[in-house]
Amino acid sequence: MFDNPYSTTVLTWYQANARDLPWRRPDASPWSILVSEIMLQQTPVVRVRPAWEAWMERWPTPADLAAEPSGEAVRMWNRLGYPRRALNLHACAREIVNRHGGQVPDSHADLLALPGVGPYTAAAVASFAFGQRHAILDTNVRRVLARADTGIEYPPKAQSKAEVRLAESLLPPEPDVAARWGVAIMELGALVCTARSPACADCPIADKCAWRLAGKPAHDGPPRRGQTYAGTDRQVRGRLLAVLRDAPGPVEKPALDGVWDEPVQRERALDALVADGLVDPLDDGRYALPS
DNA sequence: CATACGTGGAG
DNA sequence: TCTCCAAGTAT
């Protein structure tokens, strides 16, 4: 039997407080929803929205993107971050055209098989685009459940089986209700039960929240990792790719050498970009975005 | 299972 | 200024 103590109040809260995001419109296509989910991986909504608008205007269907060279996807991705996602989306488009008749597949297994689509994204697309019943367990939901149910400020660093079981146990039985519950609990985490300063005064489940009821005990365990960025290969890769993106065509090696003094790290980063398929080394010694 | 993988805004 | 973090995935 179904017992989700938060369901009714969270669904009501969502109805009144949900953001009006373009990929949530009733007429949003499965493709547009897949694009949004890939873009939203580790990237804030405010930065995704304009990128999504531009992307969907240029490539409204998988076939539109599949017809382009992958480098065009990388260029269009601009500074959204994690540019391999642009490559993934392009590969998704080609696979959807070649193996799924141009339509985004609706089964969780087929979605999971697409490049760059993991457990979360597969569940999100199956649920949000196709109204299926799947547990949605992203960083927002993990935080809400950690607080409301477990009574701790932050979820563990690595997702546990217990978290998955909990999320599944809270799933309403009817697929359409389950789909609304998934997006609603996620939205609650994004707008109210935030990482830094949760707005418990505005929270519809504050009276049932184990963490708040316990007096909001501070995070226990080891300090959370700071992902230092300055000086890393990631920064070098970012600068290298920016040169290629901002150039109209292939660039000479010296143009790339200019972005970083340390030659060993610079070459390593460039080699890695080539290995990842983000950069194409031409026969004449120049470099370009992939074709 | 821990680590690599971009970027920019908020506190 | 500097740390933290934002709808994760692949290896």
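Hydrogens, waters and symmetry mates are skipped; everything else that's a heavy atom, side chains included, is used. Lettering of chains follows the sequences in order, A, B, ..., and the numbering in each one begins at 1.
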J.: Could you state the atom-to-atom distance from CG of A/Asn78 to P of B/dT7 in whole Å?
T.: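 That distance rounds to 9 Å.
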J.: Rounded to the nearest Å, what distance is computed from the CD1 atom of residue A/Ile136 to the P atom of nucleotide C/dA7?
T.: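 That distance rounds to 14 Å.
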J.: Under 4.0 Å, counting only non-hydrogen atoms across every strand here, what does A/Val117 touch: a base, just sugar-phosphate, or nothing?
T.: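 Result for A/Val117 = sugar-phosphate.
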J.: Could you state the CZ-C1' distance from A/Arg239 to B/dT7, rounded to the nearest angstrom?
T.: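 My rounded result for the distance is 13 Å.
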J.: Provide the distance between the two P atoms, one in B/dA4 and one in C/dA7, to the nearest whole Å.
T.: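 One P to the other, the span is 23 Å.
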J.: So what does A/Arg24 touch, heavy atoms closer than 4.0 Å: a base, only the sugar-phosphate, or nothing?
T.: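 If one applies the 4.0 Å heavy-atom cut-off, A/Arg24 turns out to touch a base.
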J.: Give me the ring orientation class for A/Tyr6 and A/Trp181: parallel if the planes are under 30° apart, tilted from 30 to 60°, perpendicular past 60°.
T.: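 Rings of A/Tyr6 and A/Trp181: parallel, as their planes differ by under 30°.
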J.: Check this one for me: any side-chain N or O of A/Gln41 less than 4.0 Å away from OP1 or OP2 of C/dA7?
T.: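 No, because none of the side-chain N or O atoms of A/Gln41 sits under 4.0 Å from OP1 or OP2 of C/dA7.
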J.: What is the distance, to the nearest angstrom, from the CE atom on A/Met39 to the P atom on C/dA7?
T.: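 The answer, rounded to whole Å, is 17 Å.
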J.: Pick the closest DNA chain B nucleotide for A/Asp276 and for A/Pro44 by heavy atoms, then say which residue is nearer the 5' end.
T.: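 Looking at the nearest nucleotide for each, A/Asp276 comes out on the 5' side.
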J.: Side chain of A/Arg79: nearest nucleotide among B/dG8, B/dC5, B/dG6?
T.: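 The closest nucleotide is B/dG8.
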J.: Considering only heavy atoms and no angle criterion, is a donor-acceptor pair shorter than 3.5 Å present between the side chain of A/Thr43 and the base of B/dG6?
T.: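 Counting by modelled atom types and ignoring angles, a donor-acceptor contact under 3.5 Å is found here.
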J.: Between P on B/dT7 and CD on A/Gln42, what's the gap in Å once rounded to a whole number?
T.: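 Whole-Å distance recorded here is 14 Å.
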J.: When you match A/Gln235 and A/Ala158 each to their closest nucleotide on DNA chain B, which lands nearer the 5' end?
T.: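 Nearest nucleotide further toward 5': that of A/Ala158.
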J.: So, the side chain of A/Arg58 versus the backbone of A/Leu65: is there a donor-acceptor pair under 3.5 Å, distance only?
T.: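 No, A/Arg58 side chain to A/Leu65 backbone: no donor-acceptor pair under 3.5 Å.
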J.: Report yes or no: is there a donor-acceptor pair, N or O only, under 3.5 Å between the side chain of A/Arg47 and the base of B/dT7?
T.: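 Answer yes: a donor N or O sits under 3.5 Å from an acceptor.
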J.: Using modelled atom types only, decide if a donor and an acceptor are shared between the side chain of A/Arg147 and the backbone of A/Trp211 within a distance under 3.5 Å.
T.: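 No, the answer is negative, given that no donor and acceptor are paired below the 3.5 Å cut-off.
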J.: If you only use heavy atoms from C-beta on, which nucleotide in B/dC5, C/dA7, C/dA6 is closest to the side chain of A/Tyr82?
T.: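 Looking only at side-chain atoms, A/Tyr82 lies closest to B/dC5.
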J.: How about A/Gln103: does its CD atom have over 12 heavy atoms from other parts shown lying under 6.0 Å from it?
T.: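 Open: at most 12 neighbouring heavy atoms sit under 6.0 Å from CD of A/Gln103.
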J.: For A/Ile38, which contact category applies under a 4.0 Å heavy-atom criterion: base, sugar-phosphate, or nothing?
T.: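 Contact class for A/Ile38: none.
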J.: How long is the line joining CG of A/Leu40 and C1' of B/dG6, in whole Å?
T.: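 Rounded to the whole Å, the gap is 15 Å.
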J.: Expressed in whole Å, how much space separates the C1' atoms belonging to C/dC4 and B/dG6?
T.: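 Their C1' atoms lie roughly 15 Å apart.
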J.: What is the distance from CZ of A/Arg234 to P of B/dG8, rounded to the nearest Å?
T.: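 Atom CZ in A/Arg234 sits about 14 Å away from atom P in B/dG8.
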J.: Measure the distance from CZ on A/Arg85 to P on C/dG8 and round it to the nearest whole Å.
T.: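 After rounding, the reported distance stands at 9 Å.
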J.: Would you say A/Pro69 and A/Glu72 make side-chain contact, with heavy atoms under 4.5 Å?
T.: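 Yes; the side chains approach each other to less than 4.5 Å.
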J.: Looking for any heavy atom pair under 4.0 Å, which part of the strands does A/Trp52 touch: base, sugar-phosphate only, or nothing?
T.: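 If one applies the 4.0 Å heavy-atom cut-off, A/Trp52 turns out to touch nothing in the nucleic acid.
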J.: Look at the side chain of A/Pro119 and decide which nucleotide, out of B/dC5, C/dA7, C/dT9, has an atom nearest to it.
T.: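 Of the options given, the side chain of A/Pro119 lies nearest C/dT9.
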J.: Give A/Gly81 one of three labels, base, sugar-phosphate or nothing, depending on what nucleic acid heavy atoms sit under 4.0 Å from its own.
T.: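 Here A/Gly81 touches the bases of the nucleic acid.
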J.: Which part of the nucleic acid, if any, lies within contact of A/Ser36, taking any heavy atom under 4.0 Å across all strands shown: a base, the sugar-phosphate backbone alone, or nothing?
T.: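 A/Ser36: no heavy atom of the nucleic acid under 4.0 Å.
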J.: Taking 4.0 Å as the cut-off, does a side-chain nitrogen or oxygen of A/Arg237 come that near to OP1 or OP2 on B/dT7?
T.: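 It does not, given that no N or O in the side chain of A/Arg237 lies less than 4.0 Å from OP1 or OP2 of B/dT7.
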J.: Is it the case that atom CZ in A/Arg99 sees more than 12 heavy atoms from other parts of the structure closer than 6.0 Å?
T.: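 No, the 6.0 Å shell around CZ holds no more than 12 heavy atoms from other groups.
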J.: OP1 or OP2 of B/dA10 sitting under 4.0 Å from any side-chain N/O of A/Arg196?
T.: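 So the side chain of A/Arg196 is outside the cut-off, no N or O lying under 4.0 Å from OP1 or OP2 of B/dA10.
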J.: At under 4.0 Å, does any side-chain N or O of A/Tyr229 touch on OP1 or OP2 of B/dT7?
T.: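 Affirmative; the distance criterion is met.
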J.: Between A/Arg143 and A/Pro115, just flag the one whose closest nucleotide in DNA chain C comes earlier from the 5' side.
T.: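 Here A/Arg143 is the residue nearer the 5' end.
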J.: What nucleic acid atoms does A/Leu137 come within less than 4.0 Å of, heavy atoms only: base, sugar-phosphate, or nothing?
T.: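 No contact at all - A/Leu137 keeps every heavy atom at 4.0 Å or more from the nucleic acid.
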J.: Could you tell me whether a side-chain N or O of A/Gln41 sits under 3.5 Å from a main-chain N or O of A/Arg85, the two making a donor and an acceptor?
T.: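 Checked: no pair found.
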